[in-house]
Student: 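I am attaching a structure below and will ask some questions about it afterwards.
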Amino acid sequence: MFNKITISTDFKGLKLFKRGKVRDVYDLGDKLLIVSTDRLSAFDVVLPTPIPYKGSVLTQISRFWFDFTKDVINNHLLSADIDNFPAEIKIYKEDLCGRSMLVKKTRPLTIECIVRGYLSGSGWKEYQKGNSVSGHKLPANLQESQKLPKPIFTPSTKADSGHDINIDEAQAEKIVGDKVFAKVKDASLAIYRKASEYASGRGIIIADTKFEFGLLGNEIILIDEALTPDSSRFWPMARYKPGEPQASFDKQFVRDYLETLDWDKAYPGPDLPEKIVKKTSEKYLEAYKIITGKDL
């Protein structure tokens, strides 16, 4: 079992490149070191209470999917094995083992690539206003959480802070160019189809997911994370029932709890009670086990 909790990472001699809501990224020249902490963000606020093992789950699930989908498109992963890391990183083995990835440095695209196979979240809210999602006209009278006739590509802007904004395909094409757009759209849909087929065989519905891509020279590759409980909605197939919100393996469980509080969704966030923390950690660990067939 990997380290239970890591909230923040500060390593002497390593250059901090970026500190995100969940991940700390270090610049190693032509490579990056991505460290997934156990911080949890909800409603764009990093909560004060960490979720045990969360960072390890995010890293190891991404590792699994990067390998599983590498025949669709190349990705940025060089190694997630601490023994293969440079010497200046190995000295922090105890803190990094299981929750870190050595990756290629790319120029990230400025859109996020979302694929929806089911009608949920912001897609469901938009559909209720006019039977469409990000410019995709959909049949009338669909229910919340209903499976779509076919998966749709619904890009968004990529905000360094605050909320991403859903956009249509034409807007995304203007941002990244027609050739790049066509490549990431096709790759996103292909990855989603392959991953969804695999997950369904293990009793999980991937309702939707978010991908990010970067340019390595002239090559477009998959970067960041892949099909994790933070970037996707995972639903247990056995409990699936269209027409209502679904049970979930992702952090929606925490969001639902927070919605019961008198909190304005502004910083600082509330502390989470022990029972919510424990249940959330169990959900992340269960997702990993079902997808990979292994205990973390």
Student: How far apart are the closest heavy atoms of Arg39 and Gly20, and which atoms are they?
Tutor: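 Heavy-atom minimum between the residues: NH2-O, 3.0 Å.
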Student: Quick one: do Lys105 and Asp30 make a salt bridge, cutoff under 4.0 Å?
Tutor: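 The answer is no: the pair does not qualify as a salt bridge.
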Student: Verify whether the ring centers belonging to Tyr53 and Tyr284 lie closer than 6.0 Å.
Tutor: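 No.
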Student: Side-chain heavy atoms under 4.5 angstrom apart, residues restricted to Ile, Leu, Val, Met, Phe, Trp, Tyr: same cluster for Ile114 and Ile175?
Tutor: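 No, because Ile114 and Ile175 fall into different hydrophobic clusters, even though each may have its own neighbours under 4.5 Å.
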Student: Side-chain contact test, heavy atoms from C-beta onward, threshold under 4.5 Å: evaluate it for Asp230 versus Glu225 and give yes or no.
Tutor: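 They are in contact (side-chain heavy atoms under 4.5 Å apart), so the answer is yes.
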Student: Ignoring hydrogens and angles, write down the donor-acceptor pairs under 3.5 Å from the side chains of residues 140-152, residues two or more places apart or on other chains.
Tutor:
{"residue": "Ser145", "atom": "OG", "partner": "Glu244", "partner atom": "O", "Å": "2.6"}
{"residue": "Ser145", "atom": "OG", "partner": "Gln246", "partner atom": "NE2", "Å": "3.4"}
{"residue": "Gln146", "atom": "OE1", "partner": "Gln143", "partner atom": "N", "Å": "2.8"}

Student: Spell out, yes or no, whether Val180 and Ile111 are grouped together once hydrophobic residues are joined by side-chain heavy atoms under 4.5 Å, including indirect joins.
Tutor: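 Linked, Val180 and Ile111 end up in one cluster.
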Student: Do Thr37 and Asp24 get their side chains close enough for a donor-acceptor pair, meaning under 3.5 Å?
Tutor: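 The criterion, which ignores hydrogens and geometry beyond distance, is not satisfied for Asp24 and Thr37.
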Student: Heavy atoms only: give me the nearest Ala190-Val72 pair and the separation to one decimal.
Tutor: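 Shortest heavy-atom contact: CB-CG1, 3.7 Å.
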Student: Is Leu33 linked to Leu16 within one hydrophobic cluster, defined over Ile, Leu, Val, Met, Phe, Trp and Tyr using a side-chain heavy-atom separation of less than 4.5 Å?
Tutor: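 Yes, one cluster joins them.
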Student: Evaluate side-chain hydrogen bond (donor to acceptor under 3.5 Å, both in side chains) for Asn166 paired with Ser122, printing each intermediate quantity in order.
Tutor: CA-CA 9 Å; Asn166 293 339; Ser122 63; 3.3 Å; yes
Student: Between Tyr192 and Gly117, what is the shortest heavy-atom contact and its length?
Tutor: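 For Tyr192 and Gly117, the tightest heavy-atom pair comes out as OH-CA, 3.2 Å.
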Student: Please assess Ser134 against Thr154 for the test side-chain hydrogen bond (donor to acceptor under 3.5 Å, both in side chains), listing each intermediate value before the final yes or no.
Tutor: CA-CA 6 Å; Ser134 296; Thr154 62; 4.5 Å; no
Student: Whether Asp83 and Lys93 form a salt bridge (side-chain N of Lys/Arg under 4.0 Å from carboxylate O of Asp/Glu) is what I want to check.
Tutor: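 Asp83 and Lys93: salt-bridged.
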Student: Answer yes or no: is there an ion pair linking Asp168 with Lys174, defined by an N-O contact shorter than 4.0 Å?
Tutor: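 No, this pair does not count.
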Student: Should the pair Glu173-Lys185 be classified as a salt bridge under the 4.0 Å nitrogen-to-oxygen rule?
Tutor: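 A salt bridge is absent here (no side-chain N lies under 4.0 Å from a carboxylate O).
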Student: On the 0 to 90° scale, with breaks at 30° and 60°, tag the Trp124-Tyr127 ring pair as parallel, tilted or perpendicular.
Tutor: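 It falls in the parallel class, under 30°.
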Student: Residues two or more places apart in sequence or in another chain: which of them pass side-chain contact (heavy atoms from CB on, under 4.5 Å) with Thr59?
Tutor: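 If we apply the side-chain contact (heavy atoms from CB on, under 4.5 Å) test to Thr59, skipping adjacent residues, the hits are Ser36, Arg99, Met101.
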Student: Search all heavy atoms of Phe234 against all heavy atoms of Leu227 and return the closest pair with its distance.
Tutor: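 Minimum heavy-atom separation between Phe234 and Leu227: CZ-O, 3.1 Å.
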Student: May I ask you to check whether His76 and Phe66 place their ring centres under 6.0 Å from each other?
Tutor: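 Judged by ring-centre distance (under 6.0 Å), Phe66 and His76 do meet the cut-off.
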Student: Can you check ring-ring contact (aromatic ring centres under 6.0 Å, His included) on Tyr198 and Phe64, steps first, answer last?
Tutor: CA-CA 12 Å; Tyr198 171 86; Phe64 171 84; 5.5 Å; yes
Student: Less than 4.5 Å apart, side chain to side chain, heavy atoms only: is that true for Leu32 and Leu102?
Tutor: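 Heavy-atom side-chain distance check fails, nothing below 4.5 Å.
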Student: I'd like to know if Ile191 and Ile221 are part of one continuous hydrophobic network [Ile/Leu/Val/Met/Phe/Trp/Tyr, side-chain heavy atoms within less than 4.5 Å].
Tutor: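 In one cluster: no.
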Student: Test of understanding: with side-chain contact (heavy atoms from CB on, under 4.5 Å), list the residues that count as partners of Lys278, not counting sequence neighbours.
Tutor: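 side-chain contact (heavy atoms from CB on, under 4.5 Å) list for Lys278, sorted by chain: Glu282.
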Student: Mind checking whether Tyr92 and Phe11 have parallel, tilted or perpendicular rings, split at 30° and 60°?
Tutor: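 Tilted, since the angle between the ring planes falls between 30° and 60°.
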Student: Shared ILVMFWY cluster between Val46 and Trp263, side chains joined below 4.5 angstrom?
Tutor: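 Different clusters: Val46 never reaches Trp263 through Ile, Leu, Val, Met, Phe, Trp or Tyr contacts under 4.5 Å.
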Student: Decide, yes or no, whether a salt bridge links Asp71 with Lys194 under the criterion of side-chain N to carboxylate O below 4.0 Å.
Tutor: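 Salt bridge present between Asp71 and Lys194.
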Student: Does a salt bridge link Asp81 with Arg63, judged by any charged N lying under 4.0 Å from a carboxylate O?
Tutor: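 A salt bridge is absent here (no side-chain N lies under 4.0 Å from a carboxylate O).
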Student: Can you establish whether the number of heavy atoms outside Arg255 located under 6.0 Å from its atom CZ is more than 12?
Tutor: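 Yes - once you tally the heavy atoms of other residues, nucleotides and ligands closer than 6.0 Å, there are more than 12.
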Student: Is it the case that the ring center of Tyr288 lies less than 6.0 angstrom away from the ring center of Phe249?
Tutor: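 Ring-ring flag for Phe249/Tyr288: false, centres at least 6.0 Å apart.
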Student: May I ask you to check whether Tyr26 and Phe17 place their ring centres under 6.0 Å from each other?
Tutor: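 Distance test on ring centres: not under 6.0 Å, no.
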Student: Tell me, yes or no, whether the heavy-atom count around Lys137 atom NZ, taken from other residues, nucleotides or ligands under 6.0 Å, exceeds 12.
Tutor: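 More than 12 heavy atoms, drawn from other residues, nucleotides or ligands, come within 6.0 Å of this atom.
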Student: Return the minimal non-hydrogen interatomic distance between Met237 and Ile204, and the atom names on each side.
Tutor: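 Taking every non-hydrogen atom into account, CE-O, 4.0 Å.
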Student: With a 4.0 Å cut-off on N to O distance, would you call Lys12 and Glu88 a salt bridge?
Tutor: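 Looking at Lys12 and Glu88, the cut-off is not met.
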Student: Decide if the gap between the ring center of Trp235 and the ring center of Tyr118 is smaller than 6.0 angstrom.
Tutor: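 Yes, they do, as the ring centres are separated by less than 6.0 Å.
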Student: Are Lys54 and Asp38 close enough for a salt bridge, meaning some N to O gap below 4.0 Å?
Tutor: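 Looking at Lys54 and Asp38, the cut-off is not met.
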Student: Should we count NZ of Lys70 as having more than 12 external heavy atoms under 6.0 Å?
Tutor: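 No, NZ of Lys70 has 12 or fewer neighbouring heavy atoms, counting only those of other groups under 6.0 Å.
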Student: Between Phe253 and Lys283, is there a cation-pi geometry (under 6.0 Å to ring centre, at most 45° from the normal)?
Tutor: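 Yes, a cation-pi geometry holds between Lys283 and Phe253.
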Student: What about the rings of Phe211 and Trp65, do their centers lie closer together than 6.0 Å?
Tutor: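 When the ring centroids of Phe211 and Trp65 are compared, they turn out to be at least 6.0 Å apart.
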Student: For Pro52, does its backbone N or O pair with a side-chain atom of Ser281 as donor and acceptor, under 3.5 Å?
Tutor: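 Such a contact is found between Ser281 side chain and Pro52 backbone.
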